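Take a look at the structure below.
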Amino acid sequence: MSKLVVANWKMNPHSIGEAVELATNSDVAGLIICPPFIFINSVGDSIKNAVLGSQDVFWETAGAYTGEVSATQLQNLGAKYVIIGHSERRQNLGETDEMIAKKIKAVIDVGLKPILCVGETKSEHDSGQTKAVIERELKTGLSYLIDSEINQLDIVIAYEPIWAIGTGVPDVPADTVEITKFIKKTIHAINSSLNAKIIYGGSVTSINADDFLKNQDIDGALVGGASLKSDEIKKIVAIAKNY
Ligand code: PGA
């Protein structure tokens, strides 16, 4: 099974020219590039091997929703994946599990693949609440998919411990493996027709990527900071291809 590497550019870079340059230089098979909305069109036109994704979506299809972007609009731009529920959106923009559940449904309804982000804060981690937090985020986030007649749906879950994001301090790979197993078990209990790839995100670089990707239970990586350097992200994709 091939592993996924997702580049989350966040609110970078500054201009279309820089976005096109970064996309062109990072354009390798096995990579999903998620630029800011404003660069999705140009990045989509610039890549031939990588796959296009988005960092967010709105849950309605069309209408009076100032500033929002629908799943259909993303699909028409060629996006295949959508990151949903990133902790930076949960923390800075008040995104709730309920909003996330609606976004997951909207994305699945048009045939795009959601990348649902889950993960605990430092204090939740230190007080042993990691699994409880993740279970709540999964159960609520996937709540619209519980009773439906879903048949073999593919989703991606990104385990992103919040304390590991952008800090240079990644999770301990053995702990990540334990959490990925827990996520798989929890998803199966929610809906046995869901096929989930479980990827890890949080300070992944070309130096530590192998420690995560060599594990059978970790299906890929979600990369923020290191995805802004094309040499780095290409090295990470090359590591992923070894497994
Ligand atoms: P990071 O970000 O790789 O810069 O830690 C990961 C993420 O937030 O997706």
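Just so you know, ligand 1 is whichever comes first in the structure, and atom 1 is the first atom listed for that ligand. Predicted model, so just to flag it, every value in this text is computed and none were measured.
Listed by number with element, the atoms of ligand 1 under 4.0 Å from a non-hydrogen atom of Gly202 are 5 (O). Close approach of ligand 1 to Leu222 (heavy-atom distance below 4.0 Å) involves ligand atoms 9 (O). Of all the atoms in ligand 1, the ones that sit under 4.0 Å from a non-hydrogen atom of Gly225 are 1 (P), 3 (O), 4 (O). Proximity to His86 (heavy-atom distance under 4.0 Å) selects the following atoms of ligand 1: 7 (C), 8 (O), 9 (O). Within the listing of ligand 1, atoms 1 (P), 3 (O), 5 (O) sit less than 4.0 angstrom from a heavy atom of Ser203. Atoms of ligand 1 found under 4.0 Å from any heavy atom of Asn8, numbered from 1 in the order shown, are 9 (O). Close approach of ligand 1 to Lys10 is summarised as follows: ligand atoms under 4.0 Å from at least one heavy atom of the residue are 2 (O), 6 (C), 7 (C), 8 (O).
Checked against a 3.5 angstrom limit, the closest N/O atoms of Glu160 and ligand 1 fall inside it. Taking distance alone, with nitrogen or oxygen atoms compared against 3.5 Å, Val223 stays at or beyond that limit from ligand 1.
Among Gly119, Gly166, Cys34, Gly224, the residue whose heavy atom lies closest to atom 5 (O) of ligand 1 is Gly166.
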Test log, rule side chain to side chain donor-acceptor pair (under 3.5 Å), inputs Gln75 and Thr72 | CA-CA 5 Å; Gln75 188 177 44; Thr72 306; 5.3 Å; no
When you look at Cys117 and Ile83, which way does the side-chain contact (heavy atoms from CB on, under 4.5 Å) test go after all the steps?
-> CA-CA 7 Å; Cys117 299; Ile83 297 172; 3.7 Å; yes
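For the residue pair Thr186 / Glu135, no side-chain donor-acceptor distance below 3.5 Å is found, with atom types taken as modelled. In this structure, a donor-acceptor pair under 3.5 Å is absent between the side chains of Gln55 and Trp9.
A 4.5 Å side-chain heavy-atom check between Ile84 and Pro114 finds at least one atom pair inside the cut-off.
Cluster note: Trp59 groups with Phe58, Tyr65, Met99 through ILVMFWY side-chain heavy atoms spaced under 4.5 Å, whether in direct contact or through intervening members.
A search for side-chain contact (heavy atoms from CB on, under 4.5 Å) contacts involving Ile32 returns Leu4, Val6, Cys34, Val51, Tyr81, not counting sequence neighbours.
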